[in-house]
Amino acid sequence: AEHPFEDDAELQIRAGGLKMRELDEKIPLKYGVIGQETCGPGGIAYGMIVGDRFAIPDAANEAYSAAGIGHVLSVSGLHISLAAMMLSRLIEALRAPYLASCITVTALLALYTVFTGAAASAVRALVMYAMSLWSRYLGRRDALNSLFAACTVCLMISPFYLFECGFLLSAGSVYGLIAFSRPVSSLFRRLRFPRFLADGLGASLAVQVAILPLTAVFFSEIGLYAIVVNALLMPLLSAVFVLLVALLPLMLIPPLFFVGYLPAVGIGWMSALSAFVASLPLAVIVVKVSALAALVLPFVFFRGFGGAC
């Protein structure tokens, strides 16, 4: 099978004669999943869970970014939300009181955030999700206020977050979802789009519109197909992350390590689609803009604030 990032080559010299390693090499080849461990799905899986991209080939990084899904390779709001959802469902299954659920989920998410390096986007997601949990416990829920409170807490922790790309993109993405996703999704439904597609496109378009000025300023490029790719791949991205986290304890048991090939197949699909999108004409549009373009954000904020309220 053709590897989506065949331009990158990596040579490894490792101990042989191990039955486990023999299976580790042959099973992926059987199912067309080439490049396990650090040079393939394993490296991407490590990046998705820990947020460290050192084991991911440059070609893969570039393809994921061109396809508009580079955010899955760093711990962000998506990862924190999915981890929180899994923890909440597990605690609910144990029929624990909601207060105990709040304390447990908040503590475990804080540990996960610290474990992954406490990036600005992860800290924002942690604070916002914790506030959402506790505001529900206190009977007060407001997504916009939770976002602003989370940003305030993050800036109190480190005022320099205000100048970090990760923090600004993370906060901008959430704001786009809150302010624009509902009206945009309603528009797609009126155009007779299926509900799941309308919601996916609405959320993706809302995020891309909100962070467009920041993307242009920080990266000097815009992914033309990011809206569609995010809408179509988000269910797969979420499923792969949930499988990675849920099956990780089993992968540590030698007789059961093969369960890791289930998320590896999903990662293979993601990589193949990313490589395909990156190869399309005009996949990435290079733009040269001044940092003053970020001044568009206040206008977007006030317009969106009026719609959100």
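In this text the structure is predicted, and so the values were computed from the model without any measurement. What's counted below: heavy atoms across the whole structure, side chains too, no hydrogens, waters or symmetry copies.
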Nearest heavy-atom contact between Phe180 and Ala206 is CB-CB, 3.6 Å

CG of Leu273 to CG of Leu236, rounded to nearest 0.5 Å, is 9.0 Å

- Task: Flag the pair Phe115 / Val50 as yes when at least one side-chain heavy-atom distance between them is below 4.5 Å, and no otherwise.
- Result: yes

CE (Met131) and CG (Leu126) are apart, to the nearest 0.5 Å, by 10.0 Å

Are any non-hydrogen side-chain atoms of Met234 and Ile69 less than 4.5 angstrom apart?
no

Here the gap from Thr215 atom OG1 to Ile222 atom CD1, rounded to the nearest 0.5 Å, amounts to 7.0 Å

Could you pull out every donor-acceptor pair under 3.5 Å between side chains of residues 191-200 and any protein atom, sequence neighbours left out?
| unit_1 | atom_1 | unit_2 | atom_2 | d |
| --- | --- | --- | --- | --- |
| Asp199 | OD1 | Arg189 | NE | 3.4 |
| Asp199 | OD1 | Arg189 | NH2 | 2.5 |
| Asp199 | OD2 | Arg189 | NH2 | 3.4 |

Does the side-chain contact (heavy atoms from CB on, under 4.5 Å) test come out yes or no for Ile44 and Ser271, once each step is laid out? CA-CA 9 Å; Ile44 294 175; Ser271 299; 3.3 Å; yes

side-chain hydrogen bond (donor to acceptor under 3.5 Å, both in side chains) pairs touching residues 248-259, sequence neighbours excluded, are none

Does the side-chain contact (heavy atoms from CB on, under 4.5 Å) test come out yes or no for Val240 and Trp269, once each step is laid out?
-> CA-CA 10 Å; Val240 168; Trp269 292 344; over 6 Å; no

* Applying the 4.5 Å side-chain criterion to the ILVMFWY set and letting contacts propagate, would Leu111 and Met48 be lumped into a single cluster? -> yes

Between Val114 and Val123, is there shared hydrophobic-cluster membership here, with clusters defined by ILVMFWY side-chain heavy atoms closer than 4.5 Å? no

Give every donor-acceptor pair under 3.5 Å between a side-chain atom in residues 242-257 and any protein atom, sequence neighbours left out.
none

Got a list of side-chain donor-acceptor pairs under 3.5 Å for residues 150-172, not counting sequence neighbours?
| unit_1 | atom_1 | unit_2 | atom_2 | d |
| --- | --- | --- | --- | --- |
| Thr152 | OG1 | Phe148 | O | 2.8 |
| Ser170 | OG | Arg124 | NE | 2.8 |
| Ser170 | OG | Arg124 | NH2 | 2.7 |

Q: Would you check if the side chain of Thr104 reaches a backbone N or O of Ala100 as a donor-acceptor pair within less than 3.5 Å?
A: yes

Inset, instruction - Please check if the side chain of His79 supplies one atom and the backbone of Ile49 the other of a donor-acceptor pair under 3.5 Å. - result: no

Ile91 and Ser101 have their tightest heavy-atom pair at CG2-CB, 3.7 Å

Query raised in the report: Are Tyr112 and Leu90 connected, step by step, through hydrophobic side chains (Ile, Leu, Val, Met, Phe, Trp, Tyr) whose heavy atoms are closer than 4.5 Å?
Result: no

Here the gap from Met85 atom CE to Ser81 atom OG, rounded to the nearest 0.5 Å, amounts to 9.5 Å

d(Met270 CE, Leu233 CG) to nearest 0.5 Å is 7.0 Å

Residue set satisfying side chain to side chain contact (heavy atoms under 4.5 Å, CB included) with Ala84, at least two apart, ordered chain then number -> Val105, Leu109, Tyr129

In short, side-chain hydrogen bond (donor to acceptor under 3.5 Å, both in side chains) pairs touching residues 238-254 with sequence neighbours left out are none

| Are Leu94 and Leu99 connected in a single hydrophobic cluster, I mean Ile/Leu/Val/Met/Phe/Trp/Tyr linked by side-chain heavy atoms less than 4.5 Å apart? | no

Here the pair of heavy atoms bringing Ala63 nearest to Ala278 is CA-CB, 3.9 Å

*asked:* Strictly distance-based, threshold 3.5 Å: is any side-chain N or O of Thr116 a donor or acceptor partner for the main-chain N or O of Thr113?
replied: yes

Residues passing the side chain to side chain contact (heavy atoms under 4.5 Å, CB included) test with Glu221, sequence neighbours excluded, are Phe219, Val284

Residues at least two apart in sequence or cross-chain that pass side chain to side chain donor-acceptor pair (under 3.5 Å) with Thr106, listed by chain then number, are Trp134

Residues Ile267 and Tyr64: closest non-hydrogen pair is O-OH, 3.9 Å

Contacts of Arg190 meeting side chain to side chain contact (heavy atoms under 4.5 Å, CB included) (sequence neighbours excluded), chain-then-number -> Ser186, Leu187

Residues at least two apart in sequence or cross-chain that pass side chain to side chain contact (heavy atoms under 4.5 Å, CB included) with Leu177, listed by chain then number, are Ser181, Ala203, Val207

